[in-house]
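Structure record follows, encoded as structure tokens.
For ligands, and for the atoms within them, numbers begin at 1 and follow the listed sequence. Predicted, not measured: the structure shown is a model, and the values here were computed from it.
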Amino acid sequence: MEIGVFNLRDDERPLLEKWKKENPQVKIRAYGDNLSLDKIDLARGCDSVCLQTISEVGGDLCKGLKELGINVISQRSAGFDMYNLDDLNDYGMTLINVPRYSPYAIGEYVLASALYFSRNLNRIYGNSKRHDFSWTPSILSKEMRTLTVGIVGTGNIGRITGKLFKDMGAKILGYDIYESNEAKGLLEYVSLDYLYENSDIISFHVPLTDENYHMVNKGAIEKMKDGVIIINAARGKILDTRALLDGLESGKIKGCALDVYEREYGIVKKDLSGKNLGDDLLEELIKREDVVFTPHIAFYTETALENLISFALDESIKFIETGKSDSVVNG
Ligand code: NAD
């Protein structure tokens, strides 16, 4: 069997080599390039292709792959919104994704960010840089076991995140449009308003839908506790950045960690050192001492990358050999 791996980054190469050693029966062709129609020949002779594309995959590419006798694509991410599923179905292509590659990666990012603000490290680092080594009420911190953490979206990532905070002794409140039995032993389900009104730290773990665009807006922030810490490692568009900046400016919000941003697509994964970002809102965010902005890297751990590669390849082999996989998107 032969699989063409595309969009391979340098950080993935050693992990792919490891997988190859463990699976010597499979031949791998690896390319840094995106698989586009003009490069379709790179896939000739493969049984499936493994992508990590962020560009649209529609009818043209499906037709090209079909002509090469390839009808399985595995995508090394959970998200698959770049694929036109109707086109995939029309050409009889099967798409496999990796829905759960490491919820702990995101959970640990959230925990680290929450502690950064709850222990006032942003203020303390700032003071030290100015040679201010005084002990003042503005840096007096609260211990996690005295705090209440609100988890909005109690799916795979929300539950693990809640568990990490619970292990540190925090009280956990949860809100989800579908309550899960698995989460019930871990957290107390409450209304969204109650969660907003009673949480010291609020972390969002919902997908972006038509209903929750800007769910964290001026009205929502007003309901939150004074001095709340907000963390968004879900999707940028669930949060109204202007309203967030106003909340930070007024002191209503103590600190905010944003791993995602409403207009992140032009900047994420790019080195724009020294360049003007052309986005005043983002520039304003980044400058603030009470904001941690990161470029969609909450997932970015060795474990997660290893799981992405091995799951995507293992499942495509399983599908080719048995016609079955637990992770078929358009099945
Ligand atoms: P999941 O599907 O397991 O859980 C999502 C939960 O959100 C579900 O329980 C669902 O019922 C709930 N939900 C949906 N809409 C809601 C709403 N309006 N209000 C309340 N709850 C709602 O997904 P997951 O694997 O836990 O991932 C959560 C999100 O994390 C993803 O959708 C993605 O946006 C984001 N994510 C971010 C990164 C990163 O690196 N920053 C990595 C992976 C995933």
Side-chain angles (χ1 to χ4, degrees), residues 9 11-12 52 54 75-82 97-114 149-165 172-196 199 202-217 219-220 223 230-240 256-265 267-269 292-309 311-312 326-327 329:
R9 299 186 312 264
D11 53 10
E12 295 179 299
Q52 196 173 57
I54 51 166
Q75 165 74 14
R76 304 192 300 285
S77 71
F80 51 83
D81 40 315
M82 51 300 245
N97 73 335
V98 188
R100 282 176 294 278
Y101 40 89
S102 186
Y104 283 92
I106 293 114
E108 286 183 8
Y109 168 94
V110 173
L111 186 63
S113 309
V149 178
I151 302 286
V152 181
T154 60
N156 290 309
I157 296 171
R159 284 200 302 277
I160 294 296
T161 304
K163 182 184 177 311
L164 293 177
F165 281 103
I172 317 294
L173 301 178
Y175 170 75
D176 197 300
I177 45 174
Y178 301 108
E179 298 189 357
S180 104
N181 284 333
E182 257 179 274
K184 281 183 182 156
L186 173 80
L187 51 80
E188 183 189 341
Y189 274 115
V190 293
S191 69
L192 187 57
D193 279 358
Y194 186 92
L195 184 149
Y196 283 160
S199 301
I202 306 177
S203 190
F204 291 87
H205 300 286
V206 295
L208 177 67
T209 63
D210 290 342
E211 289 75 42
N212 65 16
Y213 174 79
H214 279 188
M215 71 184 284
V216 188
N217 52 23
K223 289 178 191 159
I230 297 177
I231 300 167
N232 184 9
R235 284 292 179 263
K237 287 185 175 146
I238 67 167
L239 195 148
D240 177 349
C256 173
L258 298 177
D259 188 46
V260 287
Y261 169 63
E262 305 193 56
R263 296 191 288 257
E264 72 183 38
Y265 283 105
I267 61 152
V268 163
K269 294 196 203 167
V292 169
F293 175 77
T294 49
H296 210 133
I297 48 68
F299 81 100
Y300 194 59
T301 63
E302 287 178 4
T303 309
L305 293 196
E306 191 167 350
N307 289 346
L308 279 162
I309 288 187
F311 188 91
D326 294 334
S327 208
V329 170

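Heavy-atom contacts of Ala233 reach the following atoms of ligand 1: 35 (C), 36 (N), 37 (C), 38 (C), 39 (C), 41 (N) (cutoff under 4.0 Å). Taking every non-hydrogen atom of His205 and a distance limit under 4.0 Å, the qualifying atoms of ligand 1 come out as 5 (C), 6 (C), 7 (O), 28 (C). Within ligand 1, counting atoms from 1 as listed, the ones closer than 4.0 Å to a heavy atom of Asn212 are 18 (N). The distance from ligand 1 to the heavy atoms of Tyr178 drops below 4.0 Å at these ligand atoms: 11 (O). Heavy-atom contacts of Phe299 reach the following atoms of ligand 1: 40 (O) (cutoff under 4.0 Å). Of all atoms in ligand 1, numbered sequentially from 1 with element shown, those under 4.0 Å from a heavy atom of Tyr101 are 42 (C), 43 (C). Near Tyr175, the atoms of ligand 1 lying under 4.0 angstrom from a non-hydrogen atom of the residue are 19 (N), 20 (C).
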Quiz item: Does the pair Ser77 and Tyr101 meet the rule for a side chain to side chain donor-acceptor pair (under 3.5 Å), with working shown?
Solution: CA-CA 8 Å; Ser77 71; Tyr101 40 89; over 6 Å; no

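Between the side chain of Asn156 and the main chain of Arg100, no donor-acceptor pair closer than 3.5 Å is present. Checked by atom type and distance alone, the side chain of Thr301 never pairs as donor or acceptor with a backbone atom of Ala105 at under 3.5 Å. In this structure, the side chain of Tyr189 engages the main chain of Ser180 through a donor-acceptor pair within 3.5 Å. Here the side chain of Asn232 pairs no donor or acceptor atom with the backbone of Ser203 at under 3.5 angstrom. Formation of a donor-acceptor pair under 3.5 Å by the Ser199 side chain with backbone atoms of Ile202 is not found in this model. One N or O on the side chain of Asp259 and one on the backbone of Ile297 form a donor-acceptor pair closer than 3.5 Å.
Looking at ligand 1, you won't find any N or O of Thr154 less than 3.5 Å from one of its N or O atoms. For a threshold of 3.5 Å applied to N or O pairs, the pair formed by Pro99 and ligand 1 contains no separation below that value. For ligand 1, one of its N or O atoms has an N or O atom of Ile157 under 3.5 Å away. At a 3.5 angstrom cut-off on N or O pairs, Asp259 counts as close to ligand 1.
Of the protein's non-hydrogen atoms, Asp176 OD1, 3.4 Å is the one closest to atom 10 (C) of ligand 1. Nearest to atom 33 (C) of ligand 1 among the protein's heavy atoms is Arg235 NH1, 3.6 Å. With hydrogens left out, the protein atom closest to atom 17 (C) of ligand 1 is Val206 CG1, 3.9 Å, a heavy atom. Looking at atom 4 (O) of ligand 1, its nearest protein heavy atom turns out to be Gly155 CA, 3.2 Å. Counting protein heavy atoms only, atom 14 (C) of ligand 1 is closest to Pro207 CD, 3.5 Å. Scanning all protein heavy atoms for the shortest distance to atom 15 (N) of ligand 1 gives Ile177 CD1, 3.5 Å.
Between the side chains of Thr154 and Tyr175, not a single donor N or O lies within less than 3.5 Å of an accepting N or O. Side chains of Arg263 and Tyr265: no donor on one and acceptor on the other come within 3.5 Å. No hydrogens or angles considered: nothing links the side chains of Ser102 and Asn307 as a donor-acceptor pair under 3.5 Å.
The number of heavy-atom neighbours closer than 6.0 Å to CD of Glu179, taken from other residues, nucleotides and ligands shown, is above 12.
Put simply, atom 23 (O) of ligand 1 has no protein non-hydrogen atoms near it, under 4.0 Å away.
Taking 4.0 Å as the cut-off between side-chain N and carboxylate O, Glu12 and Arg76 count as a salt-bridged pair.
Using a 4.0 Å heavy-atom cutoff, Ala78 is absent from the residues neighbouring ligand 1.
Counting heavy atoms from C-beta outward, Ile151 and Arg159 have side chains that stay 4.5 Å or more apart.
Neither the backbone nor the side chain of Leu192 has any atom closer than 4.0 Å to an atom of ligand 1 (non-hydrogen atoms only).
If you check each of Val110, Asn156, Ile106 against atom 3 (O) of ligand 1, the one with the closest non-hydrogen atom is Asn156.
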